[in-house]
Amino acid sequence: MANKLGIDLGGTKIEGILINEQFQVVERKRIPTNREEGYDAIIGRIIKLANELIEFGNVDTPVGICTPGAIDIQKGTLKNSNTVCLIDQPLKSDLETAISLPILMENDANCFALAESILGSAKEYKLVFGVILGTGCGAGVVMNKNIHRGPNHISGEWGHHVLYPDGRSCYCGNKGCAESYISGTALETEWETLTGEFQCVTDIIDSKAYLTHPEWKNNFISNFGRALANVIDILDPDAIVLGGGLSKVEILYTEGRDAVADAIFSNNMVTPIIKNKLGDSAGVFGAAMLGDYI
Ligand SMILES: [Zn+2]
């Protein structure tokens, strides 16, 4: 029986998973990235991890690598990454040589959307917009269980659509990007500026600390609503599934959803906005599925 191998290459940990044709876990391993040790050490650890997993079952489909950041699909390199030593390195070709299997690389938001569409909370839907709202703000578009990448490979990059043309500066070079307002990083920076104290978004919401600065929450909800309404107006997906740390913010499914409904070009929004099912595992499952759902 053919198994599938996926690897989630993150800034702090590398996770590998071997799943069978029924998507059941055959073996799973997690190791630290130790990014300070550099490219050669990291790639050596990925190769060791892959070979250890392959010992648990035959793999004859391409191996999927899921990683945050922009990927140059033609070259098989990372154009940007928070693991700086990986940028522009021949990750794909080095891994293919070492483990003698084709490698497919995909960003974490696309892997998340794919996994949730096949195994997770969005599996009943045809056109899925899978959001990762955490440190940053990304998404993937999956149509009929296939990732839609687009000719520029930027499909789903809604974090960098502009909400405010004269707004906050974004690292991408534009001003007023959605990510500069509704990512965890942006919201926590805004909170620290208001209060002088750092708190994570879930704590601010859960403890109702925002009651001292209600504008913080009101802006968060209305920006979330506007940003997703723009997506629905253009793409009108069958479902939106939320992932990342901020997917645990329950008011996004109530007040947040209402704000989306208020802002879309329709009097009646029927689009489900749902929480992910696979949690942090979505990336590695999505990576393992890349060979079958390309
Ligand atoms: Zn931007």
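Atoms within a ligand are numbered from 1 in the order they appear, just like the ligands themselves. The model shown is predicted, which means the values in this text are computed figures rather than measured ones.
- Between I7 and A50, the shortest heavy-atom distance links the atoms CD1-CB, 4.1 Å.
- Between Y181 and Y164, the ring planes lie tilted relative to each other; the angle falls in the 30° to 60° range.
- Inspection of the W191 and Q199 side chains reveals an N or O donor paired with an N or O acceptor under 3.5 Å.
- Between F220 and F224, the angle of the ring planes goes over 60°, which puts this pair in the perpendicular group of the 30/60° scheme.
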Report the C-alpha distance between L163 and R226 in whole Å, list the side-chain angles of each, state the deciding distance to 0.1 Å, and finish with yes or no for side-chain contact (heavy atoms from CB on, under 4.5 Å). CA-CA 8 Å; L163 291 179; R226 170 57 61 195; 3.6 Å; yes
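- Salt bridge status for D8 with K13: present, with a side-chain N to carboxylate O gap under 4.0 Å.
- For the Zn ion (ligand 1), the count of nearby protein N/O/S atoms, taking only those under 2.8 Å, is 4.
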